[in-house]
Amino acid sequence: MDTSPSTLLRWQFDLIWSLFEYHLEQLETDDFLWEPADLCWTLRRDERGIWVPDWAESEPEPIPVPTIGWISWHIGWWWTVAIDHLRQSLPHDRSQIVWPGPGSASVDWLRGLRTRWLRVLDQITDTDLDAPTRFPWQDDPTKSVTHTIAWVNAELMKNAAEIGQLRLLRAARNDA
């Protein structure tokens with residue numbers, strides 16, 4: 001049985017993705033921009049027709065409830081930047097991450113990010129896991145590639161649970 005750190009992190013990611021896929025398969029187009037509360041963060045088209053996320057440089061109080069669309073954009077943002085860092089590429093700026101819109105386009109986009117992530121994971125060796133990393137902690141010398149991969153797994157699990165809960169809540173409501 002292979003329980004090397006890279007194998008264990010990959011197993012954990014695959015488990016999280018299988019749980020996320022359960023919700024991705026059942027998402028409907030109208031789920032993405034459904035606003036479950038008066039105070040929501042979502043995405044809106046700008047004058048060019050590009051989807052732009054609601055955003056604040058510091059977390060507002062109270063914290064807005066994000067829509068599924070906003071969460072899917074958020075996943076695309078942090079995951080793209082994590083991939084950039086582990087590939088040692090110039091990281092994308094938040095404003096460069098363009099959400100493809102509600103429905104299958106977003107689901108396909110997320111699945112494409114998974115494919116890109118698997119390529120990164122498949123190239124990482126156990127020795128690579130000890131290398132220092134900058135994301136998402138900036139220049140903390142105590143953080144390694146292992147920390148980044150574990151963070152991606154945790155962040156994806158959290159975001160998948162948020163999307164799943166919103167999807168279930170919308171499905172359970174009579175007025176959705």
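For residues 76-100, the salt bridge (Lys or Arg N to Asp or Glu O under 4.0 Å) pairs, not counting sequence neighbours, are E57-R94.
Remark: I163 CD1 to Q165 CD distance equals 12.0 Å, nearest 0.5 Å. Atoms CD1 and CD1, from I68 and I75 in turn, are 10.5 Å apart once rounded to the nearest 0.5 Å. The line from OG1 of T42 to CG of L33 is 4.5 Å long, rounded to the nearest 0.5 Å. Annotation: the span from S104 atom OG to L24 atom CG amounts to 12.0 Å, rounded to 0.5 Å. A distance of 10.5 Å separates CG of D46 from CH2 of W51, quoted to the nearest 0.5 Å. With rounding to the nearest 0.5 angstrom, the CG atom of L19 is 8.5 Å from the CE atom of M157.
Ionic pairing of R44 and D54 is present here: one or more N-O contacts between side-chain nitrogen and carboxylate oxygen are shorter than 4.0 angstrom.
Alongside L8, the hydrophobic cluster contains W11, L15 (criterion: ILVMFWY side chains under 4.5 Å). Through ILVMFWY side-chain contacts below 4.5 Å, M1 is grouped with nothing and stands alone. Hydrophobic cluster of V98: the remaining members, joined at side-chain heavy-atom separations below 4.5 Å, are I50, listed by chain and number.
Closest heavy-atom contact between P100 and A105: CG-O, 3.6 Å. Closest of all the heavy-atom pairs between G103 and T29 is CA-OG1, 3.7 Å. Minimum heavy-atom separation, P102 to F32: CB-CB, 3.6 Å. Among all heavy-atom pairs drawn from C40 and E35, the shortest one is SG-CB, 3.6 Å. Scanning both residues, L121 and R10, for their nearest heavy atoms gives CD1-CD, 3.9 Å.
Take H85 and apply the ring pair (Phe, Tyr, Trp, His ring centres under 6.0 Å) test, not counting sequence neighbours, and it matches F135. Every residue two or more places apart in sequence or in another chain was checked for a side-chain contact (heavy atoms from CB on, under 4.5 Å) with L90, and none qualifies. The side-chain contact (heavy atoms from CB on, under 4.5 Å) search around S4 returns D2, S6, T7, D126, not counting sequence neighbours. For T146, the side-chain contact (heavy atoms from CB on, under 4.5 Å) test picks out L9, L129, S144, with sequence neighbours left out. In this structure E28 satisfies the side-chain contact (heavy atoms from CB on, under 4.5 Å) test together with D31, R170, sequence neighbours excluded. By the salt bridge (Lys or Arg N to Asp or Glu O under 4.0 Å) test, R119 is found to be paired with no residue, residues two or more places apart in sequence or in another chain being considered. For W77, the ring pair (Phe, Tyr, Trp, His ring centres under 6.0 Å) criterion is met by W55, W73, H74, not counting sequence neighbours.
Under the 3.5 Å distance criterion, the side-chain polar atoms of N153 are left unmatched by any main-chain donor or acceptor of Q12. Proximity of a side-chain donor or acceptor of T67 to a complementary backbone N or O of W34 within less than 3.5 Å is not detected.
With a 6.0 Å radius and a threshold of 12 heavy atoms from other residues, nucleotides or ligands, Q96 has its CD atom above the threshold.
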- Task: Kindly indicate, with the supporting measurements, whether the criterion salt bridge (charged side-chain N to carboxylate O under 4.0 Å, His left out) is fulfilled by D140 and R134.
- Result: CA-CA 7 Å; D140 183 346; R134 296 187 59 213; over 6 Å; no
- Task: Evaluate the side chain to side chain contact (heavy atoms under 4.5 Å, CB included) criterion for residues L156 and W117: first the C-alpha distance (whole Å), next the side-chain angles of each, then the deciding distance (0.1 Å), finally the verdict.
- Result: CA-CA 12 Å; L156 183 62; W117 183 245; over 6 Å; no
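Using a 4.5 Å heavy-atom threshold, the side chains of W41 and P53 count as separate.
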Under 3.5 Å, side-chain donor or acceptor atoms of residues 109-116 against the rest of the protein: list the pairs with distances, not counting sequence neighbours.
{"unit_1": "R111", "atom_1": "NE", "unit_2": "E21", "atom_2": "OE1", "d": "3.4"}
{"unit_1": "R111", "atom_1": "NE", "unit_2": "E21", "atom_2": "OE2", "d": "3.1"}
{"unit_1": "R111", "atom_1": "NH2", "unit_2": "E21", "atom_2": "OE2", "d": "2.3"}
{"unit_1": "T115", "atom_1": "OG1", "unit_2": "R111", "atom_2": "O", "d": "3.2"}

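Follow the hydrophobic side-chain contacts under 4.5 Å out from L86 and you reach W137 in the same cluster. W79 is connected to L118 through a chain of hydrophobic side-chain contacts under 4.5 Å among Ile, Leu, Val, Met, Phe, Trp and Tyr, so both are in one cluster. Neither L43 nor V52 shares a network with the other; the hydrophobic side chains, linked directly or stepwise wherever heavy atoms of I, L, V, M, F, W or Y lie under 4.5 Å apart, form separate groups for each.
If you check the side chains of W78 and N159, you find a donor sitting under 3.5 Å from an acceptor.
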